[in-house]
Enquirer: 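Here it is, the structure in full.
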Amino acid sequence: MELSRRESHHLLACLNEHLCSREFTVRFRWEPGDVAFWDNRATAHVAPNDVPEGYHRVMERITLTGTRPVGVNGVVSHALDTGAPTSEGDRSR
């Protein structure tokens, strides 16, 4: 399907609004020493906009190698060509 820039922007805005709905989100009640992690291959991160004054968020990002995820329909995900090495250690896709 080919979309105009305007149509594409609208579609992405609708999808983003949907994925940020309450039924698809998780909120932590943070306590000192808490750690959270998620798999970016299957989730989206939305930064909170209600961090109390005087507090700051510390976020570290790591990338793990491993097998590619498989959808509920049995289809193996494919990697986007980012130039980063694959879990097989080369740049081939």
Side-chain angles (χ1 to χ4, degrees):
M1 168 186 334
E2 191 169 326
L3 300 175
S4 70
R5 183 176 293 272
R6 182 174 170 224
E7 291 169 323
S8 177
H9 178 76
H10 180 70
L11 178 58
L12 289 174
C14 289
L15 291 171
N16 189 53
E17 181 180 342
H18 181 70
L19 86 94
C20 293
S21 315
R22 182 174 286 276
E23 65 263 30
F24 301 123
T25 59
V26 173
R27 285 298 306 258
F28 291 104
R29 291 184 185 214
W30 294 98
E31 295 187 21
D34 281 354
V35 174
F37 65 94
W38 56 91
D39 185 343
N40 280 333
R41 300 175 303 178
T43 59
H45 174 255
V46 178
N49 59 4
D50 59 352
V51 177
E53 188 173 329
Y55 288 83
H56 67 280
R57 296 174 65 228
V58 176
M59 187 162 53
E60 301 285 340
R61 179 178 177 180
I62 63 168
T63 302
L64 302 175
T65 60
T67 59
R68 293 196 180 136
V70 178
V72 294
N73 60 356
V75 176
V76 177
S77 294
H78 66 280
L80 300 176
D81 187 7
T82 63
T86 66
S87 61
E88 291 82 29
D90 65 16
R91 293 184 182 273
S92 64
R93 299 275 188 251

Enquirer: Identify each donor-acceptor pair in which a side-chain atom of residues 5-13 lies under 3.5 Å from a protein atom, sequence neighbours left out, and give them as a table.
Expert:
| from | atom 1 | to | atom 2 | distance (Å) |
| --- | --- | --- | --- | --- |
| Glu7 | OE1 | Ser4 | N | 2.7 |
| Glu7 | OE1 | Ser4 | OG | 3.3 |

Enquirer: Which other residues end up in the same hydrophobic cluster as Val76, if Ile, Leu, Val, Met, Phe, Trp and Tyr are linked when side-chain heavy atoms come under 4.5 Å apart?
Expert: Val70
Enquirer: With sequence neighbours left out, write down each residue that passes ring pair (Phe, Tyr, Trp, His ring centres under 6.0 Å) with His56, or none if nothing qualifies.
Expert: none
Enquirer: Considering non-hydrogen atoms only, spot the tightest contact between Asn73 and Val75 and give its length.
Expert: OD1-N, 3.1 Å
Enquirer: Does Glu23, at its CD atom, have more than 12 non-hydrogen atoms belonging to other residues, nucleotides or ligands within less than 6.0 Å?
Expert: yes
